[in-house]
Amino acid sequence: MRLLITGFDPFGGESINPAWEAVKLLPDMIEELEVIKMQIPTVFHKSTEVLLEGIEKHRPDAVICVGQAGGRYEISMERVAINIDDARIGDNEGNQPVDEAVYPEGESAYFTNLPIKAMVDEVRSIGIPASVSNTAGTFVCNHIMYSLLHNIRKYGVTARGGFIHVPYIPSQVIGKKNTPSMDLDSIARGLQAAIGAVGRYEKDIKVEGGAEF
């Protein structure tokens, strides 16, 4: 089984993106999964083009995109992506879409078909905070998750796909008062545990994973 995992380049004035830095630390094999790593740009639409080219080249059985969520303290398995681009800041090429559909012909939302609760359980089992998230935002992270799931549902580009958000690393929160972070090694170990669950669980486990807000 082959898994393609992506991480974004730095954006928003940051000099590093923990998503890509953690992805680079992953081994090439995780249990029975061959792991292929690829960086994608933090740019609306171009990120989708690069991702789809990678899927066409590598023909993975599953795809996980990873992004930075500054302010979160857990590794977050995203449940749903919505059909909207609404950028608070410009992307890395200055694009700032407001209230635009990712795919005008697409569904209002798509749910991941990764075993996200099993993934959370595996990450927590090694002592790393993790949770199910019900919002991937409306920036490029949501854009790429929606694009991936749209192309899975409509065109069958791969079997399974989803998105993981990771926190800042400590060097990014210097000067950012009361902002949580997680060390890069823990992020990478958390991703590895989550990937292991993808390889072992065809269907998700049924456990509590909801949120009040």
Side-chain angles (χ1 to χ4, degrees), residues 2-30 33-58 60-78 81 89 91-93 112 114 116 119 122-123 128-130 133 136-137 139-149 151-152 157-158 160-173 180-199:
R2 179 176 291 175
L3 179 135
L4 175 64
I5 186 164
T6 72
F8 286 108
D9 59 1
F11 70 97
E14 299 289 338
S15 61
I16 194 170
N17 191 321
W20 176 237
E21 297 304 316
V23 166
K24 287 193 296 182
L25 293 177
L26 294 171
D28 295 330
M29 291 293 299
I30 297 175
L33 275 172
E34 177 187 1
V35 179
I36 298 166
K37 307 156 217 175
M38 186 174 73
Q39 188 182 69
I40 58 176
T42 309
V43 179
F44 290 99
H45 301 296
K46 183 179 285 187
S47 58
T48 300
E49 294 170 8
V50 173
L51 175 63
L52 293 178
E53 288 171 2
I55 292 172
E56 176 67 23
K57 178 181 179 181
H58 298 291
D61 300 289
V63 177
I64 298 175
C65 298
V66 185
Q68 167 192 292
R72 295 190 190 182
Y73 67 93
E74 299 174 308
I75 296 176
S76 305
M77 316 303 164
E78 297 295 345
I89 60 173
D91 66 16
N92 282 352
E93 291 187 354
T112 184
L114 294 179
I116 54 173
M119 293 161 71
E122 290 291 322
V123 177
I128 296 172
S133 168
F139 195 53
V140 184
C141 291
N142 175 78
H143 179 95
I144 198 66
M145 182 182 179
Y146 184 92
S147 297
L148 171 61
L149 297 178
N151 280 279
I152 289 173
V157 296
T158 189
R160 296 196 286 176
F163 194 95
I164 299 175
H165 265 124
V166 301
Y168 283 141
I169 56 176
S171 64
Q172 291 179 284
V173 302
S181 66
M182 183 180 290
D183 68 274
L184 191 59
D185 179 68
S186 292
I187 294 173
R189 290 191 300 114
L191 291 179
Q192 184 169 342
I195 290 168
V198 172

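Since the model is a prediction, treat every value here as computed from it, not as a measurement. Below, all heavy atoms of this structure are taken into account, side chains as well, without hydrogens, waters or symmetry copies.
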J.: Look only at the side chain of Q172 and the backbone of I169, and say whether a donor-acceptor pair between them is shorter than 3.5 Å.
T.: yes
J.: Using only atom types and a distance under 3.5 Å, with no angle test, would you say the side chain of D9 pairs donor to acceptor with the backbone of T42?
T.: yes
J.: Between R160 and T112 (side chain of the first, backbone of the second, donor and acceptor by atom type, cut-off under 3.5 Å), is there such a pair?
T.: no
J.: Kindly compute the distance separating CE (M145) from OG (S47), expressed to the nearest 0.5 Å.
T.: 14.0 Å
J.: Any donor and acceptor pair, going by atom type alone, linking the side chain of T6 with main-chain N or O of M38 inside 3.5 Å?
T.: no
J.: Given F11 and N17, is the side-chain contact (heavy atoms from CB on, under 4.5 Å) satisfied, shown in steps?
T.: CA-CA 7 Å; F11 70 97; N17 191 321; 3.8 Å; yes
J.: Between N142 (side chain only) and A136 (backbone N and O only), is there a donor and an acceptor less than 3.5 Å apart?
T.: no
J.: Evaluate the criterion side-chain contact (heavy atoms from CB on, under 4.5 Å) for residue pair Y168 and E14; output intermediate values, then yes/no.
T.: CA-CA 10 Å; Y168 283 141; E14 299 289 338; 4.0 Å; yes
J.: Check K37 with D28, please: is the shortest side-chain N to carboxylate O separation under 4.0 Å?
T.: yes
J.: Let me confirm one number: the NE2-CD distance from H58 to E34, rounded to the nearest 0.5 Å.
T.: 9.0 Å
J.: Nearest 0.5 Å please: distance from the CD1 atom of I40 over to the CZ atom of F8.
T.: 4.0 Å
J.: In Å, rounded to the nearest 0.5 Å, how long is the span from NZ of K24 to CD of E21?
T.: 3.5 Å
J.: For the residue pair S76 and S133, confirm or rule out a side-chain donor-acceptor distance under 3.5 Å.
T.: no
J.: State the CZ-CG distance between F44 and N92, to the nearest 0.5 angstrom.
T.: 10.5 Å
J.: Could you tell me whether the side chain of H143 and the main chain of H45 form a donor-acceptor pair under 3.5 Å?
T.: yes
J.: Salt bridge or not for E78 and R72, using N-O below 4.0 Å?
T.: yes
J.: List the steps, then state whether side-chain contact (heavy atoms from CB on, under 4.5 Å) holds for V63 with L51.
T.: CA-CA 9 Å; V63 177; L51 175 63; 4.0 Å; yes
J.: To the nearest 0.5 Å, tell me how far L148 CG sits from I64 CD1.
T.: 10.0 Å
